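Okay, so here's the structure we're looking at.
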Protein chains: 2
Amino acid sequence: MESGNAYYTILLADDHALIRHGIRNLISNNPALKVVGEVGDGEQLLEFLKTTQPDLLILDISMPKLTGIEAVSRVKKNYPDVKILMLTMHKNKQYFYHAMSAGADGYLMKEDSDEELLLAIKRIQDGKSYLSPFLSQDFADDVISAYRNNRSSPFETLTKREREVLNLVVEGHTSKVMGDILCLSPRTIDHHRANLLRKFDMKNSVDLVNFAVRNGFVTPSD
Amino acid sequence: MESGNAYYTILLADDHALIRHGIRNLISNNPALKVVGEVGDGEQLLEFLKTTQPDLLILDISMPKLTGIEAVSRVKKNYPDVKILMLTMHKNKQYFYHAMSAGADGYLMKEDSDEELLLAIKRIQDGKSYLSPFLSQDFADDVISAYRNNRSSPFETLTKREREVLNLVVEGHTSKVMGDILCLSPRTIDHHRANLLRKFDMKNSVDLVNFAVRNGFVTPSD
DNA sequence: TCTCTTCTGGGTATATATACCTAGAGGAAA
DNA sequence: TTTCCTCTAGGTATATATACCCAGAAGAGA
């Protein structure tokens, strides 16, 4: 990175080319900003960062091969100077909390206007954080109290097996079928699913699926 | 509508302002096209059409207050001259079939490039139909055979009650709770849910939820 | 070594969902 | 009227999920 760079450099990460190009167009209206790259999934993102670190990464939650949240953790660990603006379509308390814990600097909704996008970039550029007005009012109190209670996010503690089972639950399999797929007893599947329900504080698999899909833990099954 | 209009007029319907503006920017690169309006939900869409009918409606599937598919039916019924380009993030056989049955003229994915967007507009402008390259190869055969067999789409036959129950199923409620909400016996809920499973050929509620969300029957619960 | 966590899987019990069946009330259409 | 569909709701049976209990094996780390 050139320290004397005149531009504020931005990398776009979103699996939808149309949306990437649309945002690039919006950003290009501001001559002080420069989009230095676009990537469509998590692998491309990590590959890109090996050679070039932008000032700001605009990151969609629902990316293939690496969920947005995991991407935040990885990027912040390896490149702590890269700021991250999360872009999401979902209003969700838990997800916002999750994104903040992982190290995101800003949180923008796709419902927001393009003026909000530029405002978010400006605030992060100035070393501040940004929260979508769709969320700030409703959730600020919850977030603050959560931090005060020093509660650790459940998102960090999902084990490998639990992630595997979660993906199969989303696909609508029964314990027996999941056991066959993973070569495990259906009782073990039950155990992992029960842990998932407990960790996310959900009461049944439908809620679990909604939650997991909304929060980018899994890609909705096609 | 002025018959001597020099522009090809376009209306954007998507609940995400950022995406709307991004697409508007992309379209504005072509001087022959003119975006005459933007709406964020189904109510606004119907309201807008009362006064102005564009040549082309670019319509996202996951809109509040009126699902994309229902919107297609309504628009085509009242304004048969308005062409419709569906814009979706989901690759899905059944949904594509559904959209075609409802009268969509084109089917574009958000994964497609902006060049594809302009190509899609051009083809529809020329009176042809358009299908995203993401789908054309995989699904063309299925679609053709489905039409040959003259199979009727199950999507048209959902009753009002079934839609209500479907929405509650997506929210993860039990039969008892749904019965309380709708003031019905849980057994009646069971009956409607069983009909939904049968009509969509699904085996359990998780599959039903995935299917319904993917296909725009319901908005994923927040 | 001791401790902790994960992964494994069984016992037991209850709750819920799913798959069949039946059947009456009401509305719409032929 | 007759027919068809929807909505209602119950009977019965099985399948599955969920919530507790238990415990041993394996690995990581202090």
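Please read these numbers as outputs of a predicted model, since none were measured by experiment. Lettering follows sequence order; numbering is per chain, from 1. All values below were derived from every heavy atom in this structure, side-chain atoms included, with hydrogens, water molecules and symmetry-related copies excluded.
- Separating the NZ atom of B/Lys203 from the P atom of C/dC20 is a distance of 12 Å, rounded to the nearest angstrom.
- Rounded to an integer number of Å, the gap from CZ of B/Arg198 to P of C/dC20 is 11 Å.
- Using a 4.0 Å heavy-atom cutoff across all strands shown, A/Asp190 reaches at least one base atom of the nucleic acid.
- The side chain of B/Arg187 contributes no N or O atom lying less than 4.0 Å from OP1 or OP2 of D/dT8.
- When heavy atoms are screened at a 4.0 angstrom cut-off, A/Ser185 is found touching the sugar-phosphate backbone but no base atom.
- Remark: the backbone N or O of A/Met109 is paired with a side-chain donor or acceptor of A/Asp112 at under 3.5 angstrom.
- Salt bridge B/Asp190/B/Arg193: present, at least one basic N to carboxylate O contact under 4.0 Å.
- Between the CG atom of B/Leu182 and the C1' atom of D/dC7 there is a distance of 12 Å, given to the nearest Å.
- Considering every non-hydrogen atom in both A/Leu11 and A/Leu45, the closest pair reads CD2-CD1, 3.6 Å.
- As rounded to whole Å, 13 Å separates atom C1' of C/dA17 from atom CD1 of B/Ile189.
- Dashed line: the shortest gap from a side-chain N or O of B/Thr188 to OP1 or OP2 of D/dA9 is under 4.0 Å.
- Under a 4.0 Å N-O distance rule, the pair B/Lys110/B/Asp60 qualifies as a salt bridge.
- Computed from coordinates, the B/His192 NE2 to C/dT18 P distance equals 15 Å when rounded to whole Å.
- What separates CZ of B/Arg193 from C1' of D/dA17 is a distance of 13 Å, to the nearest Å.
- Between the side chain of B/Asn210 and the backbone N or O of A/Val170, at least one donor-acceptor pair lies under 3.5 Å.
- Evaluated for a side chain to side chain contact (heavy atoms under 4.5 Å, CB included) with B/Arg161, the options B/Thr188, B/Leu166, B/Leu184 yield exactly one hit, B/Leu184.
- For D/dT6, the OP1/OP2 oxygens have no side-chain nitrogen or oxygen of B/Arg161 closer than 4.0 Å.
- For the pair B/Met202 CE and C/dA17 C1', the interatomic distance rounds to 17 Å; values are reported in whole Å.
- Distance, A/Leu208 CG to D/dA19 P: 11 Å, rounded to whole Å.
- Applying the 4.0 Å criterion to OP1 and OP2 of C/dA15, one finds that B/Thr174 has every side-chain N and O outside that range.
- For D/dT16, neither phosphate oxygen OP1 nor OP2 lies less than 4.0 angstrom from any side-chain nitrogen or oxygen of B/Ser205.
- For A/Asn204 against B/Gly172, the heavy-atom pair with the smallest separation is ND2-O, 2.7 Å.
- Taking the C1' atoms of five terminal pairs at each end of the helix from C/dT1-D/dA30 to C/dA30-D/dT1, the two resulting helix axes are inclined by 40°, rounded to 10°.
- Put simply, A/Ser175 has a side-chain N or O that comes within less than 4.0 Å of OP1 or OP2 on D/dA17.
- Nearest nucleotide to the side chain of A/His191, out of C/dT8, D/dT18, D/dG10: C/dT8.
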